[in-house]
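Every chain is numbered from 1, with letters handed out A, B, ... down the list of sequences. In this text, all values refer to a predicted model and were calculated from it rather than measured experimentally. Only this structure's heavy atoms are used, side chains among them; waters, hydrogens and symmetry mates stay out.
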Number of protein chains: 2
Amino acid sequence: MSGGARSAGFARLFSPRAIAVVGASGDPHRIGGQPVKILQETGYRGAIYPVNPKHAEILGLPCYPDLASIPQPCDLALIAVNAAAVPWVIRDCGLAGIPFAIVFSAGFRETGAAGVQLENELKAAAHEAGVRFLGPNCIGTMNLHDRVYCGFGAGFANPHLKAGPVAFVSQSGGFAFSVVGLADFEGIGFNYVVSAGNEADITTLDLIADFLERDDVKVVVSYIEGIADGQRLRALGRRALELGKPILTWKVGNSDAGRAAAESHTASMTAGYALYRAAFEEGGFIEIEDVHDLVDAARAFSSRRLPRGPNVAVLTTSGGSGVLIADACDKHGLKLPRLAQETIQAIEPLAPKYSSFANPVDLTAQVTGDDERFNRICERLITDPNIDQVIIRYGAVQGARGEAWANGLGAIAHGSDKPLLVAWSRVPDRTEPAIKILERQRIPWLLTPTRTANAAGALYQFARRRQALATRVSRSARRVIEPRSLDLPPDSRTLSEHESKRVLAAYGIPVTREVLLAPEAVVALTQPPLPFPLVVKIDSPDIPHKTEAGAVRLNVRDLAELKRTSSEVISAAQRHKPGARINGILVSEMAEGVEVIAGVVNDRFFGPAVMFGLGGIFAELLQDVSYRFAPLDLDTARDMIRAARTHPLLTGYRGRPALAVEALAESLARVSLLAVDHADRIAEIDVNPLFVSAAGVLAADALIVLRN
Amino acid sequence: MSGGARSAGFARLFSPRAIAVVGASGDPHRIGGQPVKILQETGYRGAIYPVNPKHAEILGLPCYPDLASIPQPCDLALIAVNAAAVPWVIRDCGLAGIPFAIVFSAGFRETGAAGVQLENELKAAAHEAGVRFLGPNCIGTMNLHDRVYCGFGAGFANPHLKAGPVAFVSQSGGFAFSVVGLADFEGIGFNYVVSAGNEADITTLDLIADFLERDDVKVVVSYIEGIADGQRLRALGRRALELGKPILTWKVGNSDAGRAAAESHTASMTAGYALYRAAFEEGGFIEIEDVHDLVDAARAFSSRRLPRGPNVAVLTTSGGSGVLIADACDKHGLKLPRLAQETIQAIEPLAPKYSSFANPVDLTAQVTGDDERFNRICERLITDPNIDQVIIRYGAVQGARGEAWANGLGAIAHGSDKPLLVAWSRVPDRTEPAIKILERQRIPWLLTPTRTANAAGALYQFARRRQALATRVSRSARRVIEPRSLDLPPDSRTLSEHESKRVLAAYGIPVTREVLLAPEAVVALTQPPLPFPLVVKIDSPDIPHKTEAGAVRLNVRDLAELKRTSSEVISAAQRHKPGARINGILVSEMAEGVEVIAGVVNDRFFGPAVMFGLGGIFAELLQDVSYRFAPLDLDTARDMIRAARTHPLLTGYRGRPALAVEALAESLARVSLLAVDHADRIAEIDVNPLFVSAAGVLAADALIVLRN
């Protein structure tokens with residue numbers, strides 16, 4: 001049935017030739033009372049088999065006592081029975097040769113321990129029976145291409161929803177179907193909509209993977225509270241870039257309040273938002289935050305055109321909208337360059353008096369009424385060699401005049417492969433003719449200047465990542481140690497600073513020269529152990545935060561000061577944490593330069609990721625840090641350094657010297673190798689501060705947390 | 001005519017009893033050809049008098065050769081003649097006793113020097129003639145309450161636009177009227193819409209002031225590229241808070257690209273966005289960024305209810321929308337507290353199985369269909385003593401059932417004075433009955449969960465500022481010097497560090513102890529001038545940035561080092577800027593603590609404003625700085641310290657000691673007194689770094705720029 005679909009994996013799930021409805025009822029107030037009626041009223045063309053031993057007939061259809069009695073093979077069972085009975089029904093599906101099920105029933109993992117147990121039973125039953133299923137605790141699916149509505153609730157009440165080359169996978173069912181309604185209201189249709197429910201078998205990521213490969217899907221939308229397989233999410237991001245199909249991602253549960261609500265809802269444990277963002281930024285994900293973002297990005301990407309670079313030409317008939325578009329473009333890293341001289345020469349004779357030919361080009365309200373002239377100027381902009389995409393804003397041309405204008409614009413778009421986006425004011429009824437033509441010509445139209453610039457920004461973001469994926473030279477850091485040749489202590493504990501630095505040094509990360517001395521050895525010193533000035537610190541596995549403990553002295557200048565401060569830091573450590581184990585006094589050279597933080601978090605969903613930021617505690621409080629997944633190649637390490645808003649401090653800000661950014665990139669990449677080589681043991685790494693100078697980098701403090 | 005309007009100032013401008021159209025024409029392609037037709041077609045009920053010596057009749061109306069010939073007194077002249085003739089026409093208005101004009105004609109200030117000249121002539125003519133006017137170069141006005149459309153262009157083509165208690169003043173005419181169309185499409189009507197044009201006479205701020213006082217305006221919207229009178233903007237912000245009417249402000253031209261476009265558009269010179277934001281944050285301004293923000297805030301404020309605090313209860317039927325609302329609430333500083341125990345006890349028996357009673361309350365899809373039960377639970381939430389406002393999301397209940405539900409909700413809202421906002425999915429035609437009732441009951445309904453939370457955030461933001469204005473104790477810093485008793489050098493120049501610090505010290509701001517020594521005096525030293533360790537710097541009015549010049553040495557420990565570094569900094573200064581005047585070597589005590597920046601910019605639109613941030617260059621690069629206008633009272637100084645995202649560093653972050661925040665607030669307030677006392681002379685102040693320790697504050701470097 002599904003003509004254009006190439007992916008065969010879930011074909012029978014979404015385009016079933018016949019459907020059994022288990023737990024069907026004639027009572028519309030029960031969940032089981034809804035699917036048969038909905039299938040009938042919304043245009044399903046296959047056979048429907050209600051199953052319920054209590055009834056002989058439901059809504060004019062013969063009702064069967066069990067799945068075995070159905071006379072025809074079904075592709076799909078919709079299950080709306082009591083939770084406890086679901087494993088039995090799934091087994092029956094297997095016996096009846098039904099390959100797919102959608103489990104509406106609630107009362108599983110989302111309800112606590114007994115529910116988890118029941119969900120495990122269900123999974124085992126499905127595995128044995130060879131049945132794949134959606135849910136439990138899901139609301140259903142829609143295939144609007146073939147008009148198959150399998151679900152219950154208000155979301156399935158509208159039989160007139162539009163189809164369109166968009167697929168939507170949602171971890172919130174109720175909300176997803178209301179989004180579909182709102183998007184439909186703004187003119188966006190979906191070929192597929194899925195409520196993923198508890199994902200006991202088929203997951204959100206399975207569904208995204210399936211939809212990406214379908215010919216009748218050009219844009220995938222996902223509403224995500226949390227996913228369990230970060231590596232797979234990343235792989236899907238790469239695949240999306242390869243295919244040129246964005247995954248519009250609505251990631252929720254990012255605030256503390258939101259996370260608490262998400263956990264009570266799906267009981268998903270979610271990785272930190274920072275890691276999701278790292279995955280989104282390297283792949284074909286476009287983050288959206290509301291329905292209008294979805295509508296706009298879906299429309300923009302449906303044109304199947306991507307810009308070659310950041311340069312936008314803006315053409316308006318009012319200065320105000322030009323300013324707005326310029327402001328919004330700026331937020332997305334888009335540039336409004338000067339137009340080429342030949343472009344300006346070509347448009348000047350066409351444009352009204354008082355027009356402005358800077359970019360944005362403002363033709364003033366005087367051009368209104370001369371649609372042909374407006375389009376000729378637009379044509380010159382799109383052929384400008386400095387320009388990668390064009391945004392136009394034009395008054396809402398109505399009726400037949402609108403049709404002529406839109407057709408003219410279509411011809412211009414066809415003469416170019418650059419994106420052309422239209423900010424367009426909709427007037428009920430009167431602008432529909434032009435909109436129809438714009439849509440047929442695949443020219444994205446958007447409701448406001450800001451939304452149009454946002455859509456252009458999304459296209460650029462996707463195009464930039466796609467280019468980066470295609471052109472990236474994956475040069476790794478130079479290895480100074482063979483993988484896994486390092487012996488880490490076998491227990492689960494925090495290494496002291498000195499131990500941590502020895503691990504880093506083994507991976508080629510420069511650390512301060514230092515000696516660890518017993519307190520009595522310090523007292524006995526007659527010569528400095530290293531040239532002054534020096535740093536004196538406590539070395540203790542029980543005091544990870546030495547500064548807070550008052551157990552650090554900087555800039556120690558002579559032997560007397562060294563002895564005095566050594567005794568001070570011991571006292572401070574004992575005061576801070578009585579009974580702390582003390583390895584000794586760590587005496588090290590002073591490091592100078594700009595302070596940065598490098599860290600590793602080994603996330604249970606994504607694996608090890610490297611964090612980088614400038615300015616120590618400021619980076620932390622201001623969240624000016626970036627994350628990338630380990631291992632990092634050098635290009636990625638350079639990217640993450642540039643991602644810090646304070647990175648000008650490394651490259652010669654206000655007359656400061658340019659620092660050793662390459663050495664920093666190399667060290668970040670080496671930290672990432674350490675994290676990957678020992679991903680089973682290393683839970684966290686913290687190199688803070690790492691000093692960057694013109695000569696190189698130097699780790700002045702470090703902390704490694706091991707686990708078993 | 002304008003029944004509810006209390007403000008009389010511009011009454012005749014917006015509700016004219018008769019209108020003259022000067023430069024009227026029968027040709028709809030000319031600007032002068034449009035206003036008569038538009039007035040006729042859109043329901044104007046007064047007399048229309050076309051004026052044009054070339055015609056005897058226009059669109060069925062007798063046409064007059066000049067204003068003097070019109071038989072009846074007019075309240076308003078619409079002027080669409082050649083720019084050069086406008087001053088003459090304005091004089092004629094005066095002679096004919098016409099108090100107001102709207103000048104559509106372009107060709108004034110926006111076109112360059114000759115246009116500026118002509119605009120000045122126009123202003124002089126109007127002043128002499130006693131005529132107030134809008135424009136030139138404006139598109140017109142609408143009074144939708146009385147159906148008076150005075151303008152030209154596509155924006156005036158729709159005679160069916162809704163009226164509503166919102167007024168819109170825009171510095172972009174063309175764009176404003178398209179916004180009106182889009183807002184109308186989403187159900188928001190305006191009583192007044194004005195294109196301000198070049199503002200040669202009546203300004204955007206005049207119009208906002210007028211609208212705020214009108215009884216038929218509850219919400220003012222302003223689209224601003226730049227305004228010239230910052231003090232008046234601030235006064236309007238206070239008035240808006242007093243009246244409980246927000247000024248929804250769409251500030252554009254904030255990016256470099258946007259500013260360039262704004263300047264080519266209106267030639268407005270604009271103050272920095274940071275100062276606008278400072279004005280917005282102290283007053284009744286709500287920043288908006290697109291049409292949907294306007295629609296949502298207009299709807300939320302039209303309820304005329306404000307929350308008493310940040311606490312929100314959220315009630316949904318799908319966990320997904322609860323998560324979304326929680327995330328969005330978090331961004332606005334709203335809290336989702338636990339419900340009171342008695343509330344939970346009351347709703348538990350009403351709620352379906354598997355409901356969640358944490359906040360957000362999720363009743364699950366099971367409640368769908370039982371509108372009465374949903375409303376009873378809503379009623380319990382709104383009466384919860386912990387809760388300041390309630391957000392509900394409910395499925396799109398349709399037709400008569402929707403009416404019953406909305407009426408029930410209306411009764412609940414009337415039993416409380418707390419805001420109740422509804423996230424509501426619109427389904428074409430079927431949801432209109434419920435929407436009508438919600439609007440009649442003044443219950444704001446919004447299209448998505450996120451937009452609903454944003455609207456709740458806007459209400460809270462306004463309410464919080466209103467409370468702050470009402471309760472603020474305006475305690476000033478303690479004066480240690482009489483206003484203007486300080487003698488500043490008479491010339492326009494940059495003071496050296498030592499001079500700058502003496503000025504600060506005179507205002508009671510603690511500065512480092514220091515001595516300024518001639519280079520030869522340093523060479524001759526036999527005793528340290530101050531106790532070691534010391535700082536050695538060049539003191540030169542020609543080297544404002546000493547660190548960049550390499551002319552600073554910290555932590556100097558003995559006399560030999562003092563002499564060596566003094567000679568080094570002199571050489572460095574001479575290398576950096578050959579011929580720089582050198583006042584001497586500044587030797588000062590070392591300061592310790594957390595580095596902050598305090599600064600003053602004396603803006604030509606807003607006057608002096610104080611800037612504050614932590615962390616020196618990090619604050620600058622990360623824009624983690626706040627601005628408040630001088631003079632600062634102590635409460636405001638404390639607010640601006642708290643506004644820094646890094647302010648936990650001052651209050652005991654991670655075991656650090658709590659620092660002298662009160663002394664810091666006092667110093668900021670004193671800097672602001674200095675800036676105000678000498679606002680005519682001081683262009684800039686930069687205290688950077690100012691060190692904050694547990695004991696107090698200490699300015700380690702400072703720079704004051706004087707002007708004449």
Side-chain angles (χ1 to χ4, degrees), chain A residues 29 106 111 153-154 172 174-175 178 181-182 185 225 252-255 257-258 261-262 264-265 289-292 317-324 326-327 329-330 336 354 356 358 360 362 365 368-369 395-396 425-428 447-448 450-451 548 615 617-618 621-622 624 645-646 648 654-655, chain B residues 29 106 111 153-154 172 174-175 178 181-182 185 225 252-255 257-258 261-262 264-265 289-292 317-324 326-327 329-330 336 354 356 358 360 362 365 368-369 395-396 425-428 447-448 450-451 548 615 618 621-622 624 645-646 648-649 654-655:
Chain A
H29 288 105
T111 60
S172 170
F175 183 61
S178 84
L182 288 165
F185 197 72
E225 293 180 352
V252 299
N254 305 319
S255 66
S264 76
H265 177 228
E289 295 190 344
D290 210 339
V291 178
H292 55 84
T317 60
S318 103
S321 50
V323 177
L324 262 183
D327 274 2
C329 282
D330 184 71
L336 275 63
Y354 307 136
S356 163
D362 174 12
T368 313
S425 294
R426 193 177 192 176
V427 180
L447 269 182
T448 69
T450 306
R451 289 172 62 172
E548 291 168 28
I617 213 153
F618 285 96
L621 279 167
L622 294 166
D624 183 31
R645 286 164 61 200
T646 42
R654 284 210 176 171
Chain B
H29 289 104
T111 61
S172 170
F175 183 61
S178 84
L182 288 165
F185 196 73
E225 293 179 353
V252 299
N254 306 320
S255 67
S264 77
H265 178 227
E289 295 189 344
D290 210 340
V291 178
H292 54 85
T317 60
S318 104
S321 50
V323 177
L324 263 182
D327 274 2
C329 282
D330 184 70
L336 274 63
Y354 308 137
S356 163
D362 174 11
T368 313
S425 294
R426 194 176 189 177
V427 179
L447 268 182
T448 69
T450 306
R451 288 172 62 172
E548 291 168 30
F618 285 95
L621 279 167
L622 294 166
D624 184 31
R645 287 164 60 201
T646 43
L649 292 177
R654 284 210 176 171

Trainee: Between B/Arg645, B/Arg451, B/Glu289, which has the largest tally of heavy atom pairs under 4.5 Å with chain A?
Mentor: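 With the most close heavy-atom pairs to chain A, the winner is B/Arg645.
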Trainee: Please identify, among B/Leu649, B/Leu447, B/Leu622, the residue contributing the most non-hydrogen atom pairs under 4.5 Å to chain A.
Mentor: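 So the answer, after comparing B/Leu649, B/Leu447, B/Leu622, is B/Leu622.
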Trainee: Looking at A/Glu225 and B/Gly320, what are the two nearest heavy atoms and their distance?
Mentor: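 Closest approach of A/Glu225 to B/Gly320, heavy atoms only: OE2-CA, 3.7 Å.
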Trainee: Checking heavy atoms, do the side chain of B/Thr646, its backbone, both or neither come under 4.5 Å from chain A?
Mentor: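 B/Thr646 touches chain A through backbone and side-chain heavy atoms alike.
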Trainee: Please state whether the side chain, the backbone, both or neither of A/Thr450 comes within less than 4.5 Å of a heavy atom of chain B.
Mentor: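 Its backbone and side chain both get close to chain B.
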Trainee: Is it true that a side-chain atom of A/Asp362 and a backbone atom of A/Gly319 form a donor plus acceptor pair closer than 3.5 Å?
Mentor: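 Indeed, once roles are kept as given, a pair shorter than 3.5 Å links the two residues.
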Trainee: With a 4.5 angstrom heavy-atom cut-off, is it the side chain or the backbone of A/Leu182 that approaches chain B, or both, or neither?
Mentor: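 For A/Leu182, the contact with chain B is made by the side chain alone.
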Trainee: Only pairs of heavy atoms separated by less than 4.5 Å count here; which of B/Thr317, B/Leu324, B/Thr448 has the most with chain A?
Mentor: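 Top count of heavy-atom pairs under 4.5 Å with chain A: B/Leu324.
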Trainee: Which pair of non-hydrogen atoms, one from B/Gly174 and one from A/Ser318, has the smallest distance, and what is that distance?
Mentor: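 Scanning both residues completely, I find the closest heavy atoms to be CA-CB, 4.1 Å.
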Trainee: Taking every non-hydrogen pair under 4.5 Å, which of A/Leu621, A/Asp330, A/Leu336, A/Asp327 racks up the most with chain B?
Mentor: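 Highest number of pairs under 4.5 Å: A/Asp327.
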Trainee: Would you mind telling me which of A/Ser321, A/Gly322, A/Ala154, A/Cys329 has the largest number of heavy-atom pairs within less than 4.5 Å of chain B?
Mentor: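 Max contact count across the listed options: A/Ser321.
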Trainee: Where does A/Asp624 contact chain B at under 4.5 Å (heavy atoms): side chain, backbone, both or neither?
Mentor: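 For A/Asp624, the contact with chain B is made by the side chain alone.
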